**Student:** 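One structure is given below, represented as structure tokens, and several questions about it will come after.
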Amino acid sequence: MTEPELSKFQVIQQLSEGKLTRRQAGELLHLSIRQIQRLHNRYRNQGIAGLVSQKRGQPSNRSYPDAFKQYVLYLVKAQYTDFGPTLACEKLAELHNLHVSVSTLRSWMVEAEIWTTRKAAAKRVYQPRYRRECFGELIQIDGSDHYWFEDRVPKCTLLVFIDDATSQLMELRFCPSETTFDYFQATKRYLETYGKPVAFYSDKHSIFRVNKPDPTTGSGMTQFGRALQDLNIDIICANTSQAKGRVERANRTLQDRLVKELRLRDISDIDAGNQYLPEFRQAFNQRFAKVPFNDKDLHRPLNQFDDLEDALTWQVERTVSNSLTVQYDRVVYLLEPNDLTLGLKRKKVRIYDYPDGTIEIRYDGHPLPYSIFDKVQEITPTEIVNNKRLGVVLQYAQEKQKEIGYKRSQHAPSRKGQAHEARKLNPAARQTGPT
């Protein structure tokens, strides 16, 4: 019972005991004598429960019909699922002529689990963890997208490798964007310099982890993960950015200090920036590196079975057709007929797509000679001039290519990291692939 209902009970109880008259009870409760008599009758028939408001637990007379509420929630889920209550309320009134208050819509969205209140969305507490004990035990890797050269160069990415035990920068590399080929090249330099660490620690970027739930095709492993498995290096994917705080905090420091150092040295392109990075990394480590808890270095030296060239490359399997052709990234590779290739019809071969743009096709470890037929080759004005009889047809085909937008396969690697070196080696690198 509420406080007013308890006061009402005390007065009606005194009325029942004859201590008060109905007029006196009405004056105390500011009610008419007739209403006091009704309360008295309900008290005698139902007891104290008769003094509780009869509207309690009942729908409000001003509430919306349930059908209206369900229709509003249906529209919010279908069209405004990522809208806040205020904006969703405005759009419902503007586009659907449905008028409901913001507070009511907010309560409906919270009840339907479409919206989370600030209190419910309170930040999770992340407690610090100890560093790993040994140098080379865990290497955190990340790509930081930033205006590293300020307005002198478009935004680009800095790949950062940092040792968890010492906070020592192990490898830095500028690249146009975060791609598998760039990580291949950075990892190769790291392994050639220090050897193999126990594990790499990354986020859940698609370079490191297959994010599609329950994939029906493929090995369930990314190209970078497959390369590390071939080299007997573990990879751990953090669930949150706070979990790999070492490299995240290093990124913030680099975005301050490295940007200013590049400005002072008037470095305005990626190639010159990469040449300066070893000098900066040495000065940074002298200033910020820590002493590990254990002096043991857990890096393992490369052995005769560790082929970095083959491991750190994009590898896919393809089936040889009856005409001895293999298709990859909308390029047809024509295998030269010989004693080996003639027996490969309908068999699997492996394609090695190297970071420098080289393409190699192997069967059971043996390289296969081939020639190239590019299905997405662009028609140039020179070809139109040199083929006078076919000029009209070629010009029409060129216009259709521009109109339709012929692109490489969406399953092929992004080639931004190899575009400079690979234009003459790989036709697929001459056009920008999927990003």
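These figures come from a predicted structure and were not determined experimentally. Below, each value reflects all heavy atoms present in this structure, side chains not excepted, and no hydrogens, waters or symmetry copies.
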**Student:** Using modelled atom types and a 3.5 Å cut-off, is there a donor and acceptor pairing between side-chain atoms of N285 and backbone atoms of L169?
**Tutor:**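 Answer holds: yes.
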**Student:** Looking at E261 and R265, does any basic side-chain N land under 4.0 Å from a carboxylate oxygen?
**Tutor:**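 Yes, charged N to carboxylate O under 4.0 Å.
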**Student:** Which residues satisfy the side chain to side chain donor-acceptor pair (under 3.5 Å) test with H366, sequence neighbours excluded?
**Tutor:**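 Listed in chain order: nothing, the list is empty.
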**Student:** In chain order, what residues pass the salt bridge (Lys or Arg N to Asp or Glu O under 4.0 Å) check against D256, with sequence neighbours excluded?
**Tutor:**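 Expected list: K260.
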**Student:** Passes side-chain hydrogen bond (donor to acceptor under 3.5 Å, both in side chains), S167 versus R249? Steps please.
**Tutor:** CA-CA 10 Å; S167 291; R249 288 189 292 273; over 6 Å; no
**Student:** Name every donor-acceptor pair, under 3.5 Å, that has one atom in a side chain of residues 81-96 and the other anywhere in the protein, sequence neighbours excluded.
**Tutor:**
| from | atom 1 | to | atom 2 | distance (Å) |
| --- | --- | --- | --- | --- |
| K91 | NZ | E94 | OE1 | 3.4 |
| H96 | NE2 | Y80 | OH | 2.8 |

**Student:** Quick one: OH on Y333 to CD on E360, what's the gap to the nearest 0.5 Å?
**Tutor:**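 Those atoms lie 12.0 Å apart.
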**Student:** Under the side chain to side chain donor-acceptor pair (under 3.5 Å) rule, what pairs show up with a residue in residues 104-115, not counting sequence neighbours?
**Tutor:**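 Of all non-adjacent pairs touching residues 104-115, those that pass side chain to side chain donor-acceptor pair (under 3.5 Å) are K69-E111, S101-T104.
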**Student:** Return the set of residues passing salt bridge (Lys or Arg N to Asp or Glu O under 4.0 Å) with K188 (not counting sequence neighbours), or none when no residue passes.
**Tutor:**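 Checked K188 against salt bridge (Lys or Arg N to Asp or Glu O under 4.0 Å); matches are E309.
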**Student:** So which pairs with a foot in residues 192-203 pass side chain to side chain donor-acceptor pair (under 3.5 Å), sequence neighbours left out?
**Tutor:**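 Sorted pair list: Y194-R281, K196-D306.
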**Student:** Any side-chain donor-acceptor pair under 3.5 Å between Q229 and R226?
**Tutor:**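 Side chains of Q229 and R226: no pair found under 3.5 Å.
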**Student:** In Å and rounded to the nearest 0.5 Å, what is the CZ to CD1 distance from F288 to I162?
**Tutor:**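 One finds 10.5 Å between CZ of F288 and CD1 of I162.
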**Student:** Considering only heavy atoms from C-beta outward, does the side chain of L98 approach that of Y71 to under 4.5 Å?
**Tutor:**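 Contact flag for L98/Y71 side chains = yes.
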**Student:** Mind checking side-chain contact (heavy atoms from CB on, under 4.5 Å) for A283 and listing every partner two or more places apart, or none if nothing turns up?
**Tutor:**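 Applying side-chain contact (heavy atoms from CB on, under 4.5 Å) to A283 gives none.
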**Student:** Can you classify the ring geometry of Y183 versus F208 as parallel (below 30°), tilted (30 to 60°) or perpendicular (above 60°)?
**Tutor:**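 Correct class here is perpendicular.
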**Student:** Check the side chains of T166 and K290 for a donor-acceptor pair under 3.5 angstrom, ignoring hydrogens and angles.
**Tutor:**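 No pair is found: no donor N or O on one side chain lies under 3.5 Å from an acceptor on the other.
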**Student:** Show me, pair by pair, the donor-acceptor contacts under 3.5 angstrom made by side chains of residues 268-275, not counting sequence neighbours?
**Tutor:**
| from | atom 1 | to | atom 2 | distance (Å) |
| --- | --- | --- | --- | --- |
| S268 | OG | R152 | NE | 3.1 |
| D269 | OD1 | D271 | N | 3.2 |
| D269 | OD1 | A272 | N | 2.8 |
| N274 | OD1 | F174 | N | 2.6 |
| N274 | ND2 | F174 | O | 3.2 |
| N274 | ND2 | I270 | O | 3.4 |

**Student:** Angle class for the F161/F200 ring planes (parallel below 30°, perpendicular above 60°, tilted otherwise)?
**Tutor:**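 Ring orientation, 0 to 90° scale: perpendicular.
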**Student:** Evaluate whether atom OH of Y147 has more than 12 neighbouring non-hydrogen atoms of other residues, nucleotides or ligands under 6.0 angstrom away.
**Tutor:**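 Not more than 12 within 6.0 Å, no.
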**Student:** May I ask you to decide if the ring planes of W314 and F181 are parallel, tilted or perpendicular, using 30° and 60° as cut-offs?
**Tutor:**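 The arrangement is tilted - the two ring planes meet at 30° to 60°.
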**Student:** Would you say Y74 has more than 12 foreign heavy atoms packed within less than 6.0 Å of its OH?
**Tutor:**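 Open: at most 12 neighbouring heavy atoms sit under 6.0 Å from OH of Y74.
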**Student:** Not counting sequence neighbours, which residues clear salt bridge (Lys or Arg N to Asp or Glu O under 4.0 Å) with D164? List them please.
**Tutor:**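 Result, salt bridge (Lys or Arg N to Asp or Glu O under 4.0 Å) vs D164: R129, R246.
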**Student:** For R189, enumerate each residue passing the salt bridge (Lys or Arg N to Asp or Glu O under 4.0 Å) test, keeping only those at least two apart in sequence or located in another chain.
**Tutor:**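 Checked R189 against salt bridge (Lys or Arg N to Asp or Glu O under 4.0 Å); matches are E171.
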**Student:** A quick test of your reading: do over 12 heavy atoms of other residues, nucleotides or ligands sit less than 6.0 Å from NZ of K296?
**Tutor:**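 No, not enclosed.
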**Student:** Taking all heavy atoms of Q140 and all of G245, pick out the closest pair and write down the distance.
**Tutor:**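 It is OE1-N, 4.2 Å.
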**Student:** For V259, what residues pass the side-chain contact (heavy atoms from CB on, under 4.5 Å) criterion, not counting sequence neighbours?
**Tutor:**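 Only H146, W148, E150 meet the side-chain contact (heavy atoms from CB on, under 4.5 Å) criterion with V259.
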**Student:** P337: which residues meet the side-chain contact (heavy atoms from CB on, under 4.5 Å) condition with it, sequence neighbours left out?
**Tutor:**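 With sequence neighbours excluded, P337 shows a side-chain contact (heavy atoms from CB on, under 4.5 Å) to L324, L342, given in chain and number order.
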